[in-house]
Structures are given as structure tokens and as C-alpha cells.
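Heavy-atom basis, side chains included; hydrogens, waters and symmetry copies ignored. Whatever order the structure lists them in is the order used to number ligands and atoms, beginning at 1. All residue numbers refer to positions in the sequence shown, counting from 1.
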Amino acid sequence: MSKRQRTQVGIIGAGPAGLLLARLLQVQGIESVVLEARTRDYVEARIRAGVLEQGTVALLEEAGVTERLRREGLVHDGAEIAVGGRRVRIDFRALTGKTVTVYGQTEITRDLIAARLAGDGAIIWQAADVAIHDIETARPRLTYKHAGTAHELVCDFIAGCDGFHGVSRSALPDSSRQTFERVYPFGWLGILADVAPCSDELIYAHHDRGFALASMRSPTRSRYYVQCGLDEKLEEWPDERIWRELEIRLDCDPPPNITTGPSIEKSIAPLRSFVSTPMQHGRLFLAGDAAHIVPPTGAKGLNLAASDVHYLSRALLAHYKKQDDGLLGAYGETALARVWKAERFSWWMTTLLHKLHDKTSFEAQMQRAELDYLASSRAAQTVLAENYVGLPF
Ligand code: RFL
Ligand code: PHB
């Protein structure tokens, strides 16, 4: 016998998408249950994104979770591109009137979990074997195991917020599914260290030895990345080698002041562009990495999860408060229109800044010309800035 429970929205995954959706529904009086495969400790320790669009911050505000973000988040008016030893500043505020906020995904996750639990919302940690049933009916169900007991959750709607490796995407019928994908022939090696950042703003560097990024989490915590080969292993990258490589790739005028120190986290992530369509079927709706992946170069992944959740929460609200299902029916198409633009931007910024081709090739000359154009054209800088701070939603 399995234990049976009832909720309005069953949410799979306690990443930013699932937690933010749960919270936006909660503040509107709509009930949900979040099923998460991992432990709370694991979810709260995951190091990922760092840059929030202004629209994402506004959404977090709506969710009532910005108290710490307003105190600790770093508002950035611009970012720099370093190429050929030269620094080019892209002034977001002057070009678009908008800014971005540097605040770790880890912190957002902690804030969302704390708010959810303080508001009596349920998160089932270590929910195993989550399976989706009856999405073409008015009573879709989720089954799962928890602490050795089988459970059944009867819902009005199911939100698949379980990331790229989740189960939701494959619950959509194969016949309607289409995937679009680009796998890049390199990865990002990331290092987190408790040292002061080398600059007040992020520096994206294009270098003959490969791309590098200087980012941060706080005035005392830095996050750096270097482009690496897909077959490279973490063991081949002791801290000293990463710091040396960063010194070389980020070398520009005026020189950034890189403070080195022991790493507190190191990881290698492959880069991928991926979109799965449609984003909905029957009463199942996908949001975030469950439906799409972007390479991290444009800092769009978490922000796209937020805009999906914006559209989905609005649609669920219209259903419950106005008995209007128009927005629910249009959800996937609405979300995808924005997703594709972020895919384009992330792909463009990735190909602009990484070492992709032999120095003597035609493609490398095109890349150099494009970087040169960006350095000298306000119009080109505006295009970058408008996309980086986030297209409206
Ligand atoms: P997540 O965060 O992967 O969360 C999915 C959750 O679902 C759980 N899960 C399941 N739960 C129950 N049953 C199952 N069968 C389940 N399968 C999975 C997982 O345990 C997890 O808790 O997806 P979500 O919520 O869609 O959020 C997406 C973002 O996490 C992601 O797009 C960003 O981290 C991407 N990203 C960045 N995005 C930005 O906007 N700005 C950035 O600066 C940025 N930098 C990055 C990034 C991603 C990176 N990596 C590691 C891929 C930098 C890096 C290095
Ligand atoms: C980060 O700080 O982790 C970060 C910042 C900008 C990016 C990607 C990652 O484009």
C-alpha cells in the first residue's frame, strides 16, 4: 500500500526553478509539494551560477527572498572584455539603463529553501524513483519512494524542474519531442577561493591559450574559470597551475591584481547548448535546465530558469484565480521565444571568446575582426549589453 497525498502543483526538483516556482505559488496561496532526489546539504552546497539579471532579482523580490541579496549582492554596472592585452569595458548602465547583480546560486538556493520551510511549504528530500503518471488527464500523479515507503502525490499540475539529468523531459511523448543540440569541444575548469577578486567587475578574456573568466562571489571570495580540454582531469590542474594560467590569460593593461590562495572548490564542466521542444504536454510543464541548457559564457542558465518560472507561475495563477487557461496553453511557446534568444546569445558569446580554431584559419580572423568591432562600436557593445542584462519578460 502506498501513502496517498493531494496537492495543487507537484514540483520535481529543488533547484532554482523548482524552489522559485514553489515560493511564487506559496505567496499567492497556491499549494505545492517539492520532490528532490538529493539531500538538503547537497543542494545547499552546490556551486554554480553567479550573475543575476535585473528581472531575476525582481522575481526574487516578488518571492520575498531578497533581504540578504540586497545586503550582500554586488551590483555591477558593467563588465570587461580583455583581448590582445587590452581591456574593453561594456558599460551596461550607460548602454541599457540596467545592471546585473553578483550573488551566488548557492545563496539563492539557501534563501529560497529557508523561506519555503518558514512558510510551512513541503520539500521532500531524498525522494527516490520519482515517476510521472496520467499527464493527459485532469488528475496527474507522481509516485516516489521516501525512507523505504512508497508514496503517491495526486496533483492538478506537474512542474518538471529536475534539471538536465531529470526524469521529466522523457515523460513527454517521443512522437512530439524534438531536440536541438551543440556540444562544444572544450570545458570550463572552475576554481573558488577565499581571496579578494582581481577587479571590481567581471573580466572575460580571449587569449591564444584559451578563454578565461575572472568572477567573484563577494569582496573576499573569487571565482575563476579557464577553458580546458574535455579529456583533461582535475588532477592535472593543481591550484598553482590554474593560478599561473590565469595570470597569463588575464594579462592586460592595466593588469588585474590576481591574489592567489588555496582552492575551496574545483570542477570541470562541459559546455553544451540544448533545447528540447515542446516544453509542455497535457498537465506536465518543464522549466529551467530540464528543457534547455546554455553554455555558461553569457551567464544565462539560472536566469532562463527564472524567466520560465515567471511565465509558468503567471499561467498557474490565471488558472486558479481567474479560471483562465489561455496562459497555460501558451506557456511553452511563450517561454521558448525567450529561451531561443538566450541560446543565441550564449552560443555567440561562447564562439566569440573561446579558442576554437587554429590561429591561421579564416575563422580565427573572423573572430578577431568581431572582437575588434566590439571594441570600437557602441552599437555592437549595446547588443552585448542588452542581452547580458537580460531581455525583458
Ligand atoms: P538544477 O539546478 O539542475 O536543479 C534540478 C534539481 O532537480 C533535482 N533532480 C531530481 N529531483 C527528484 N527526482 C529526480 N529524478 C531528479 N533529477 C534531478 C536535482 O538534484 C536538482 O536539485 O536545474 P534548474 O532549477 O533548472 O536551474 C538551472 C541552473 O542551475 C543552471 O542553469 C545554472 O547553474 C547555469 N549556470 C549559470 N547560470 C546563470 O544564469 N549565470 C551563471 O553565471 C551561470 N554559471 C552555470 C554557471 C552552470 C555551471 N555548471 C556547473 C553547469 C556556471 C557553471 C560552472
Ligand atoms: C560565475 O561567477 O560563476 C559566472 C559568472 C559569469 C559567467 C559564468 C559564471 O558568464
Name of the residue among Thr259, Val195, Ile248 meeting side-chain contact (heavy atoms from CB on, under 4.5 Å) with Trp243: Val195
Any pair with a residue in residues 113-125 that passes side-chain hydrogen bond (donor to acceptor under 3.5 Å, both in side chains), sequence neighbours left out, goes on the list, sorted by first then second residue, please. Ser32-Arg116
Taking C-beta and beyond as the side chain, do Ile264 and Ile47 meet within less than 4.5 Å on heavy atoms?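 Contact flag for Ile264/Ile47 side chains = no.
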So Ile108 and Leu19, do their side chains get closer than 4.5 Å, heavy atoms only? no
Main-chain N/O of Ala335 paired with Asp308 side-chain donor or acceptor, under 3.5 Å: no
First-shell residues of ligand 2 [heavy atom, distance under 4.0 Å]: Arg48, Gly50, Val51, Trp188, Leu202, Tyr204, Leu213, Ser215, Arg217, Arg223, Tyr225, Pro296, Thr297, Ala299
Can you pull every nitrogen or oxygen pair between ligand 1 and the protein closer than 3.5 angstrom?
| residue | atom | partner | partner atom | Å |
| --- | --- | --- | --- | --- |
| ligand 1 | 2 (O) | Arg48 | NH1 | 2.8 |
| ligand 1 | 3 (O) | Arg48 | NH1 | 3.0 |
| ligand 1 | 11 (N) | Ala37 | N | 3.1 |
| ligand 1 | 20 (O) | Glu36 | OE2 | 2.6 |
| ligand 1 | 22 (O) | Glu36 | OE1 | 2.7 |
| ligand 1 | 22 (O) | Glu36 | OE2 | 3.3 |
| ligand 1 | 22 (O) | Arg46 | NH1 | 3.3 |
| ligand 1 | 22 (O) | Arg46 | NH2 | 2.7 |
| ligand 1 | 25 (O) | Pro16 | N | 3.2 |
| ligand 1 | 25 (O) | Ala17 | N | 2.9 |
| ligand 1 | 26 (O) | Asp289 | N | 2.8 |
| ligand 1 | 30 (O) | Arg48 | NH1 | 3.1 |
| ligand 1 | 30 (O) | Gln105 | NE2 | 2.7 |
| ligand 1 | 32 (O) | Asp289 | OD1 | 2.7 |
| ligand 1 | 32 (O) | Asp289 | OD2 | 3.3 |
| ligand 1 | 32 (O) | Gly301 | O | 3.4 |
| ligand 1 | 32 (O) | Leu302 | N | 3.4 |
| ligand 1 | 34 (O) | Gln105 | OE1 | 2.7 |
| ligand 1 | 38 (N) | Gly301 | N | 3.2 |
| ligand 1 | 38 (N) | Leu302 | N | 2.9 |
| ligand 1 | 40 (O) | Ala299 | O | 3.1 |
| ligand 1 | 40 (O) | Gly301 | N | 3.2 |
| ligand 1 | 40 (O) | Leu302 | N | 2.6 |
| ligand 1 | 40 (O) | Asn303 | N | 3.1 |
| ligand 1 | 40 (O) | Asn303 | ND2 | 3.3 |
| ligand 1 | 41 (N) | Ala299 | O | 3.3 |
| ligand 1 | 43 (O) | Gly50 | N | 3.2 |

Atom CZ of Arg4: over 12 foreign heavy atoms under 6.0 Å: no
With hydrophobic residues grouped by side-chain heavy-atom distances under 4.5 Å, do Tyr331 and Leu24 end up in a single group? yes
Considering only distance and modelled atom types, tabulate donor-acceptor pairs under 3.5 Å from the side chains of residues 384-393, sequence neighbours left out.
| residue | atom | partner | partner atom | Å |
| --- | --- | --- | --- | --- |
| Asn387 | ND2 | Val383 | O | 2.8 |
| Tyr388 | OH | Tyr204 | OH | 2.6 |

Ring centres under 6.0 angstrom apart (Tyr184, His354): no
